[in-house]
Structures are given as structure tokens and as C-alpha cells.
Amino acid sequence: MNPKSLSLRHKTSLKSRFTKGFLQALKRIHGQRSRSPNVSSPREMCRRYLSIKIAADASMASAVGSRRAWSRALLTKIRSHGAPRVYKYSARRIDNSKKKKKKCEDGEEIGVNSEANELRKFVPGGEAMDICSLLDEAAHYIKCLNTQVKVMRRIADIYSAA
């Protein structure tokens with residue numbers, strides 16, 4: 001088997017694992033809908049939106065498994081139902097206050113860590129990562145989010161055509 005086919009198979013496998021888990025979660029959410037009396041109330045719509053968002057996140061993190069820090073952090077957050085996040089800090093974490101700041105073309109100082117801190121807000125578990133790990137996890141997380149969007153669009157297209 002050549003490396004290209006292995007790579008393609010892995011991507012398909014991730015997509016199919018996500019799709020299977022997400023469809024099962026949607027089926028479970030749909031079953032809960034029939035029991036709720038006020039289906040169109042704003043509160044119920046918000047609850048359903050959050051349920052679908054959590055289902056999509058949990059399905060993607062489960063499809064990736066424990067290989068990635070972002071998936072472990074996301075599953076931990078979902079399982080704890082929004083409890084305050086507790087992270088173990090990496091031994092490689094460095095003191096950000098002593099970093100030199102770079103200057104833009106117009107002379108404005110920009111700290112490399114200020115951009116990294118902004119990125120840490122978007123990557124689950126990013127607060128506990130050193131910059132190299134953060135960039136690697138962010139790249140993988142973005143790739144998985146892209147896969148998630150493609151699958152969800154395809155599901156929406158299929159059900160809107162029916």
C-alpha cells in the first residue's frame with residue numbers, strides 16, 4: 001500500500017467516524033425534541049442549538065481520539081458540563097514577561113506571545129501549551145473544524161432536499 005492511499009484512508013476514516021457519531025447524537029437530540037412541549041420557544045431553540053454544538057464538538061473530539069491535546073481538553077470540558085477548566089502546565093512553558101517584542105513596519109511593538117495568547121483562546125487546552133505545541137494543535141484543530149463544516153453542510157443539503 002502506498003503512503004498516498006494510507007493518507008486518504010485516514011482522512012476518510014476520520015470523516016466517517018465523525019459523521020457516524022454526529023448522526024447518532026442528532027438522532028438522540030431529535031428524540032428529545034418530541035418530548036418537549038414548546039418546540040419553537042426561544043429557550044428551547046437555544047437549548048437545541050447548544051445541544052447540537054456540543055454534539056458536533058464531542059463527535060469530532062471522539063473521532064480524533066486521545067492523540068491530540070485539543071480533543072482531550074474538549075472532551076474533558078464537555079464531560080464536566082462547563083465546570084471551570086483546570087489544566088496541567090507543561091514543564092516546557094516559559095516566562096512570557098521576559099520575551100523581547102518585535103516591531104512592526106510602523107514602529108508599533110508586537111509581542112509574539114500576544115498573538116500566541118490570542119490563539120490559545122481558540123484552541124481547546126491551548127492555555128497549557130508551549131508555542132510549538134500550540135501551533136501544531138491549532139493546525140490540526142483547524143483541519144478538523146473544516147472537516148466538521150463540510151460534513152455538516154452535506155448533512156444539511158441532504159435533509160433540505162428531502
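Every heavy atom of this structure was used, including side-chain atoms; hydrogens, water molecules and symmetry mates were not. Note that the structure is a prediction, hence the values are computed from the model and not measured.
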Report task. Could you work out the complete set of other residues in the hydrophobic cluster of Leu50, with links drawn between I, L, V, M, F, W and Y side chains under 4.5 Å apart? Result ->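 Direct or chained contacts put Leu50 with Tyr49.
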Query raised in the report: When you check the gap from the basic side-chain N to the acidic O, do Asp136 and Arg68 get nearer than 4.0 Å?
Result: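 The answer is yes: the pair qualifies as a salt bridge.
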Query raised in the report: With side chains defined as the heavy atoms from C-beta onward, is the minimum distance between Glu44 and Arg48 less than 4.5 Å?
Result: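 Yes; the side chains approach each other to less than 4.5 Å.
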Query - Derivation of the side chain to side chain contact (heavy atoms under 4.5 Å, CB included) call for Leu26 and His30 - result: CA-CA 6 Å; Leu26 287 177; His30 182 70; over 6 Å; no
Quick check for you: to the nearest 0.5 Å, what is the distance between [X] atom [atom1] and [Y] atom [atom2]?
X: Leu74; Y: Arg79; atom1: CG; atom2: CZ; result: 10.0 Å
X: Arg47; Y: Ile52; atom1: CZ; atom2: CD1; result: 9.5 Å
X: Leu145; Y: His140; atom1: CG; atom2: NE2; result: 10.5 Å
X: Thr76; Y: Arg72; atom1: OG1; atom2: CZ; result: 8.5 Å

Query raised in the report: For Val64, does its backbone N or O pair with a side-chain atom of Ser71 as donor and acceptor, under 3.5 Å?
Result: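 Side chain of Ser71 to backbone of Val64: no pair is present.
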Query - Any donor-acceptor N/O pair, Ser160 side chain to Asp157 backbone, under 3.5 Å - result: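 Side chain of Ser160 to backbone of Asp157: a pair is present.
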**Report entry** Sequence-distant partners of Leu134, side-chain contact (heavy atoms from CB on, under 4.5 Å), two or more places apart
**Finding:**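 For Leu134, the residues satisfying side-chain contact (heavy atoms from CB on, under 4.5 Å) (neighbours in sequence not counted) are Ala116, Leu119, Arg120, Val123, Met129, Ile131.
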Query - Which residues share a side-chain contact (heavy atoms from CB on, under 4.5 Å) with Phe18, sequence neighbours left out - result: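 Testing Phe18 for side-chain contact (heavy atoms from CB on, under 4.5 Å), a comparison that skips the adjacent residues, returns Phe22, Ser59, Met60, Ala63, Gln148, Val151, Met152.
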Report task. Treat each ILVMFWY residue as a node, draw an edge where side-chain heavy atoms are under 4.5 Å apart, and state whether Ile155 and Leu14 are in one component. Result ->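 Looking at the clustering, Leu14 is in the same group as Ile155.
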Query raised in the report: Taking atom types as modelled, is there a side-chain donor on Ser114 or Asn117 under 3.5 Å from an acceptor on the other?
Result: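 Distance-only check fails for Ser114 and Asn117.
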Query raised in the report: Leu75 and Ala61: which non-hydrogen atoms are nearest, and at how many Å?
Result: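 Shortest heavy-atom separation between Leu75 and Ala61 comes out as CG-CB, 3.6 Å.
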Query raised in the report: Nearest heavy-atom pair of Tyr141 and Phe122: which atoms, and what distance?
Result: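 Heavy atoms only, the tightest pair is CE2-O, 3.4 Å.
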Report task. Please lay out, stage by stage, how Leu23 and Lys27 fare under the test side chain to side chain contact (heavy atoms under 4.5 Å, CB included). Result -> CA-CA 6 Å; Leu23 287 174; Lys27 187 176 178 181; over 6 Å; no
